Amino acid sequence: MKIGIFVGSFDPFTIGHDSIVRRALPLFDKVVIGVGVNEQKKCMLSVGERTERIARLYADEPKIEVKAYSDLTIDFARREGAEYIIKGVRSVKDFEYEREQADINRRLSSIETIFFYAEPQLECICSSIVRELKHFGRDITEFLPKGY
């Protein structure tokens, strides 16, 4: 079984994240969305709320599971039986950071990272900007998948 994990804090889970999941799905028998717990980050939603909302989005897709995790991504991948980490890239800055992470992950575990470039119309959408808009009272529904 070919398993990929798509990991992040997903606070919130945006239409950009959804795009990556839907584009990655045909490549795998199972995609596990790993909602990372990061105690240093001030989150808009609890890990439980994020996990529940994302799971609800994909309730009708049997190839997707959603789980919270709080350890290294490579340890989470091993537990899930995943050989691939799925990552989205919006910019050169994202790419450089993610490439370094991918190199370390491969060195420590032999797990490969597969990059999906953001669709052009979604390149500017990131969770931190969506959180800031929400903080200032703006409507963020256009940046979130329907049903989230």
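No experiment lies behind these values; they were computed from the predicted model shown.
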Self-check item: Listed partners of Asp29 passing side-chain hydrogen bond (donor to acceptor under 3.5 Å, both in side chains), at least two apart
Solution: none
Exercise. For Ser46, check side-chain hydrogen bond (donor to acceptor under 3.5 Å, both in side chains) against everything at least two apart and list the hits.
Key: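 In terms of side-chain hydrogen bond (donor to acceptor under 3.5 Å, both in side chains), with neighbours along the sequence ignored, Ser46 is linked to Glu49.
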Measuring from atom [atom1] of [X] to atom [atom2] of [Y], what distance do you get when rounded to the nearest 0.5 angstrom?
X      : Y      : atom1 : atom2 : answer
Thr113 : Arg99  : OG1   : CZ    : 11.5 Å
Glu123 : Asp94  : CD    : CG    : 10.0 Å
Arg138 : Phe143 : CZ    : CZ    : 10.0 Å
Thr73  : Leu108 : OG1   : CG    : 11.5 Å
Ile33  : Leu57  : CD1   : CG    : 8.0 Å
Ile15  : Gln121 : CD1   : CD    : 8.0 Å

Would you say the side chain of [Y] lies within less than 4.5 Å of the side chain of [X], judging by non-hydrogen atoms?
X      : Y      : result
Ile85  : Ile114 : no
Phe116 : Leu27  : yes
Gln101 : Lys87  : no
Lys30  : Val32  : yes
Arg90  : Ile125 : no

Quiz prompt | Verdict with reasoning, Lys67 to Glu80, per salt bridge (charged side-chain N to carboxylate O under 4.0 Å, His left out) | solution = CA-CA 10 Å; Lys67 298 180 179 182; Glu80 295 303 317; 2.9 Å; yes
Quiz prompt | CA sep, side-chain torsions, deciding dist, call: Asp71, Arg79, salt bridge (charged side-chain N to carboxylate O under 4.0 Å, His left out) | solution = CA-CA 11 Å; Asp71 53 345; Arg79 270 197 317 281; 2.5 Å; yes
Same cluster for [X] and [Y] if Ile/Leu/Val/Met/Phe/Trp/Tyr side chains link at under 4.5 Å?
X      : Y      : value
Ile86  : Val66  : yes
Leu133 : Leu122 : yes
Val35  : Leu72  : no

Quiz item: Tell me, which pairs form a side chain to side chain donor-acceptor pair (under 3.5 Å) where one or both residues lie in residues 50-61, sequence neighbours left out?
Solution: Asp18-Tyr58, Glu52-Arg56
Under the ring pair (Phe, Tyr, Trp, His ring centres under 6.0 Å) test, which residues partner [X], sequence neighbours left out?
X      : value
Tyr148 : none
Phe76  : Tyr69
Phe95  : Phe115
Tyr97  : none

Could you pull out all donor-acceptor pairs under 3.5 Å where a side-chain atom in residues 1-14 meets a protein atom, sequence neighbours excluded?
unit_1	atom_1	unit_2	atom_2	d
Ser9	OG	Lys41	NZ	2.9
Asp11	OD1	Met44	N	3.3
Asp11	OD1	Leu45	N	3.0
Asp11	OD2	Met44	N	2.6
Thr14	OG1	Gly16	N	3.1
Thr14	OG1	His17	N	3.3
Thr14	OG1	His17	ND1	3.3

Excluding sequence neighbours, so at least two apart, what forms salt bridge (Lys or Arg N to Asp or Glu O under 4.0 Å) with [X]?
X      : answer
Glu83  : none
Arg106 : Asp103, Glu112
Lys63  : none

Quiz item: Minimum heavy-atom separation for Val47 to Ala68, with atom names?
Solution: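 Residues Val47 and Ala68, closest heavy atoms: CG2-CB, 3.7 Å.
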Quiz item: What's in the same ILVMFWY side-chain cluster as Val92, cut-off under 4.5 Å, chained through other members?
Solution: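 So far as hydrophobic clustering goes, Val92 is joined with none.
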Exercise. Examine distances only and state if a side-chain atom of Ser109 and a backbone atom of Asn105 form a donor-acceptor pair shorter than 3.5 Å.
Key: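 Yes, the answer is positive, given that a donor and an acceptor are paired below the 3.5 Å cut-off.
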